[in-house]
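Heads up: the structure comes next, in structure tokens.
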Amino acid sequence: MAYNMTPLETFLFESITGAPGEGSPTSDCENRTRAAVERIFQNPELTERVAEGYQALREGRVLTLSNQDFVRNAFLQYPEYADQLAFAFDTLKEANLLSQGNKGVLMQHPEHAYTMALGFALLHRAGILTPDYHEALCLYPENAYALSHGIVLLRNARVLSPASRRPLLDILLQSPENAQVLAKGIKILWEVGLLDKENLKRLLIFPEHAAEIAEGLGILHLSRISREENLIMLVQCPEYAKKLAEALAMLDHDENLTEDNRNTLRQCPIHARRLADGLGVLKSVNRLTEENRSLLLQHSEHAHTFADGFRILEEGEILTEENLITLLQYPEHACSLADGFAILDDDDLLTEENRSILVQHPEYSSELAGAFVCLECCDILTEEHKTILLQYPAYAENLAEGFGTLENYGILTGENRGALLQHPAHAQDLAEGLRVLHGANMLTEENFFALLLQPEQAIGVANEITRDFIENNFTDLYVTGEDSHSRDGKVRDAIRTLQNAQGAIEPSTQEDAIHEFHHFLLQQENSSTKSDAFHALRGAPRPDEDFPPLIDSQNPWAIAGLEITGEEILARLWIFTTHLENAQDRENAQLSMIHSLADSIEEGLRVCNPGKTARLVTGVLQGNVPGLSLDEVENPKEIDPATAIGIFFLHPEHQQIDNRATLLSRGIHWLSENPLVTDRDGFLAHLREYADQQQLTEQIL
């Protein structure tokens, strides 16, 4: 059975018999060719290389009739570089540079053929493959790609000019293997106006670090410290030239650039910036001694952190030998340790026992110290709690504040504490959630586990649970359908319609609208109407006046269950008027706002905010919104104290009050905004009972 040769075998064996149309080779040539082919196929590695090159050329369509003999000879002559040659030929073909001359150049340096081809192609694409650059690449074939990159970098940076092209090429050729780095350095010098012979010499001393040296020279120049002693330092430590220059600039800025400090940087240039930072800190606390410089050098990697720790101890007047030794043992965490020591010292808690606890987790010593102080304030800094915090040092402050919240409300039980430990990252949120449920007498097992399912949203979950309970168990005339025919109910529905039509209003838009209305009001002629409108809007309280102005520091109130602020209603109504198409309607609506505010003054005193709102909405919207009628509706019903308490605690802000005086003060303010609660004493009695149940402290004066 006849043996079928592969395309590669056929390609190579054609050299022995002669390619079609070429005639047969001579006997000597045939023998040499046969020996070359046999050497390739007897060596698996050579076979693989030639096969890879052959396949690459076939895929790149380089094996044309004019090229195949040349390629075959190249593979037979240099089979160990067959893949390199193939990729090189393909690269030249792609760049339209596969000329006889270029192929011959590659054959002179087969081991660098691909590098040379890439270099030629790069220069060709940049439009600068000139004879002198072509010659340069041929002189240094192993560095051809680096040279071409360097040349293109200078060209793109517009450093090259007809006069500078040859001198700069000569500079690159002094260290062709570092041509790209040298070019980058030259570019940097040119950009900062430092491209002169002296600086070029500095780059050529250590061309492999040319870019680093150039950046350092630029920093010294911009910092105006290009003195000889500083320039020498950069060349002495070329690989860290930029860091050294930055460190020298830092020292100079701090008026700390002395020979002693320069010497400190020289001894550890890799951490020069950190050392400079540390030297600056030591100087700021008048502790820049030779001994302390040595300490920085011993811990140069963490010099800035150690110096900050040193400063904290000094400023806290606790720079004892014992504390300093501790910092030296953990220089990378020196700042955290020193901060922890200072926190404990401020509260007289810096005992040997507590110091040893902090040292067990130096990276979290600041957090642990803060947690100790928090627990001490709540009188629960026990050994048990210290042990717990050591198990969760990263969340120590979260846990301590959570424990403190539970303790203050009398619910620091084993079960509640265990809940916080299950989710230490959300301990504060969980504790607040438990407090809200406890305050509403709703800390059931079901609700307890509802918080654990969403610990990061525990406060929101607790508020939602209590809000749902109140809404489902209190007859709130403000939020049920029973008030659909009441005046406040209609006002509420009108406001909701306005909100839906206008959508959300940006704070800046709201501020602009209020400013425009205020300007409109001030432009009116002086009259009692203008005076009363201004007093209703933002006037100072008059004697015996119970109700605040409409614009009252963004404090919301409820109208038929809808919470709104004076700022929002005023802005929305003004914006509504500005969009009325008819100019007369627009002016009438805007004047109605002034008259509605003036009508909010009765017997010289302001009416409640819901009353002001009702007058404004009626004055502006009625007549301008088809079908809207707010007049002649039945008066709203009074609200009993028990229902009022439920409405009061619908507001999350009220649920979070933990101070008796604040709670009662806010309750009195809320009553002034809700005149339907006629039994004020009954409401306040309920509020005091709640404060007693929660054990809130601080009596109102």
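A quick note: this is a predicted structure, and the numbers were derived from the prediction, not measured.
For Lys386, the side-chain contact (heavy atoms from CB on, under 4.5 Å) partners are Glu353, Asn354, Ile357, Phe372, Leu381, Glu383, not counting sequence neighbours. Residues satisfying the side-chain contact (heavy atoms from CB on, under 4.5 Å) criterion with Val181, sequence neighbours excluded, are Ala210, Ala211. For His149, the side-chain contact (heavy atoms from CB on, under 4.5 Å) partners at least two apart in sequence or on another chain are Leu122, Tyr145, Gln180.
Between Pro238 and the choices Ile213, Ile205, Leu203, the side chain to side chain contact (heavy atoms under 4.5 Å, CB included) rule is met once, by Ile213.
Sorted by first then second residue, the side-chain hydrogen bond (donor to acceptor under 3.5 Å, both in side chains) pairs that include residues 205-217, not counting sequence neighbours, are Glu215-Lys242. Residue pairs meeting the side-chain hydrogen bond (donor to acceptor under 3.5 Å, both in side chains) criterion with at least one member in residues 389-408, sequence neighbours excluded, are Glu401-Gln428.
In the displayed structure, Asp379 atom CG is contacted under 6.0 Å by at most 12 heavy atoms of other residues, nucleotides or ligands.
For the pair Arg274 and Asp277, the salt-bridge criterion is not met [side-chain N within less than 4.0 Å of a carboxylate O]. Under the 4.0 Å criterion applied to side-chain N and carboxylate O atoms, Glu259 and Arg262 are assigned as salt-bridge partners.
Both cation-pi conditions hold for Arg355 and Phe341: the charged atom is under 6.0 angstrom from the six-membered ring centre and inside a 45 degree cone around its axis.
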Counting only pairs under 3.5 Å, give me each side-chain donor-acceptor contact of residues 451-462, with atom names and distances, residues two or more places apart or in other chains.
none

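Inspection of the Ser366 and Ser336 side chains reveals no N or O donor paired with an N or O acceptor under 3.5 Å.
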